Amino acid sequence: MTKQTTKEELWQKATAYCAKSEHCTQELREKLWQWGCREESWREEILCRLKEDEYINEERYCRAYVHDKVAYQGWGRVKIRMMLLAKNINETTVEQALGGINEEEYGKALNKALNKYMGDREKQIRLALQRGFEYEEIKNLLR
C-alpha cells in the first residue's frame, strides 16, 4: 500500500465508487486491491462497513445485474447464472434474482437473438445458446 493511502481515504473512495452504481463484494475486494490496499484486515473492515451502511447489497446487486443483462445485453438465464456465480455470489441469492425476470422482456431478448439469423436455423440456435438461453426454450420458440 502506498504511504499516503489511509484506511479512511480507501473508505471514501469505496463509498464514492458504490454510490455511482451497484457492485458486489467481489468487485469491491478487487477494486480495493487495485487501489493499493494490501492489508486483508483493512479490506474486510471496509467491506463490512459498506455492507452495514447498505452501500453493498448482494440481493440488490443481483436484481439489477439480471435486469440489465436481459434488457440491454439480451442474455439468457444460463449465462447470467454463470457470471453471477463466478463473482462468488450465493447460489440462493442468484436463483431468487433469476426468479424475478420479467418474462415479457426475456421473451423479447430471445426473439431478438433468434431474429438475427432468420432462415439459418443452425446459426439462430448457436447464437441463442451463446447468449445463455436454454435449448428447450429456443426449440419451443422456433417451432
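Keep in mind the model is a prediction, meaning the values are calculated, not measured. Residue numbers count from 1 along this sequence.
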For the [atom1] atom of [X] and the [atom2] atom of [Y], what is their distance to the nearest 0.5 Å?
X	Y	atom1	atom2	value
Thr93	Arg60	OG1	CZ	13.0 Å
Leu32	Glu44	CG	CD	9.5 Å
Ile56	Cys48	CD1	SG	9.5 Å
Glu39	Thr5	CD	OG1	13.0 Å
Glu95	Ile89	CD	CD1	12.0 Å
Thr25	Leu50	OG1	CG	9.0 Å

Would you check if the side chain of Glu9 reaches a backbone N or O of Thr6 as a donor-acceptor pair within less than 3.5 Å? yes
Could you list the cluster mates of Leu127? Members are the ILVMFWY residues connected by side-chain heavy atoms closer than 4.5 Å, either directly or through other members. Tyr117
Joining Ile, Leu, Val, Met, Phe, Trp and Tyr whenever any side-chain heavy atoms lie under 4.5 Å apart, the cluster holding Met118 also takes in none
Output a table of donor-acceptor pairs, distance under 3.5 Å, between side-chain atoms of residues 99-113 and any protein atom two or more places apart or on a different chain; print 'none' if there are none.
from: Asn102; atom 1: OD1; to: Glu104; atom 2: N; distance (Å): 2.9
from: Asn102; atom 1: OD1; to: Glu105; atom 2: N; distance (Å): 3.2
from: Glu103; atom 1: OE1; to: Arg77; atom 2: NH2; distance (Å): 3.2
from: Glu103; atom 1: OE2; to: Arg77; atom 2: NH2; distance (Å): 2.5
from: Tyr106; atom 1: OH; to: Arg77; atom 2: N; distance (Å): 3.0
from: Tyr106; atom 1: OH; to: Glu137; atom 2: OE1; distance (Å): 3.2
from: Asn111; atom 1: ND2; to: Gly107; atom 2: O; distance (Å): 3.3

Going by the rule side-chain contact (heavy atoms from CB on, under 4.5 Å), which residues pair with Asn88 if we only count those two or more places apart in sequence or in a different chain? Gln26
Shortest non-hydrogen contact between Ile46 and Trp11, atoms and distance: O-CZ3, 4.0 Å
Does Ile80 belong to the same Ile/Leu/Val/Met/Phe/Trp/Tyr cluster as Val78, with side-chain heavy atoms less than 4.5 Å apart forming each link? no
Are Leu85 and Leu98 connected in the hydrophobic side-chain network, where two residues link if heavy atoms are under 4.5 Å apart? yes
Just wondering, do [Y] and [X] contact through their side chains at under 4.5 Å, heavy atoms?
X	Y	value
Tyr72	His67	yes
Tyr17	Trp35	yes
Glu45	Lys7	yes
Leu28	Tyr55	no
Gln124	Leu142	yes
Tyr135	Leu129	yes
Cys24	Glu58	yes
Lys13	Lys31	no

Would Trp75 and Val70 count as a side chain to side chain contact (heavy atoms under 4.5 Å, CB included) if you check the C-alpha gap in whole Å, the side-chain angles of each, and the deciding distance to 0.1 Å? CA-CA 5 Å; Trp75 287 8; Val70 170; 5.7 Å; no
Any pair with a residue in residues 124-135 that passes salt bridge (charged side-chain N to carboxylate O under 4.0 Å, His left out), sequence neighbours left out, goes on the list, sorted by first then second residue, please. Glu122-Arg126
Looking at Arg63 and Glu22, does any basic side-chain N land under 4.0 Å from a carboxylate oxygen? no
Is Glu40 salt-bridged to Arg43, cutoff N-O under 4.0 Å? yes
Partners of Tyr65 by ring-ring contact (aromatic ring centres under 6.0 Å, His included), sequence neighbours excluded? Tyr61
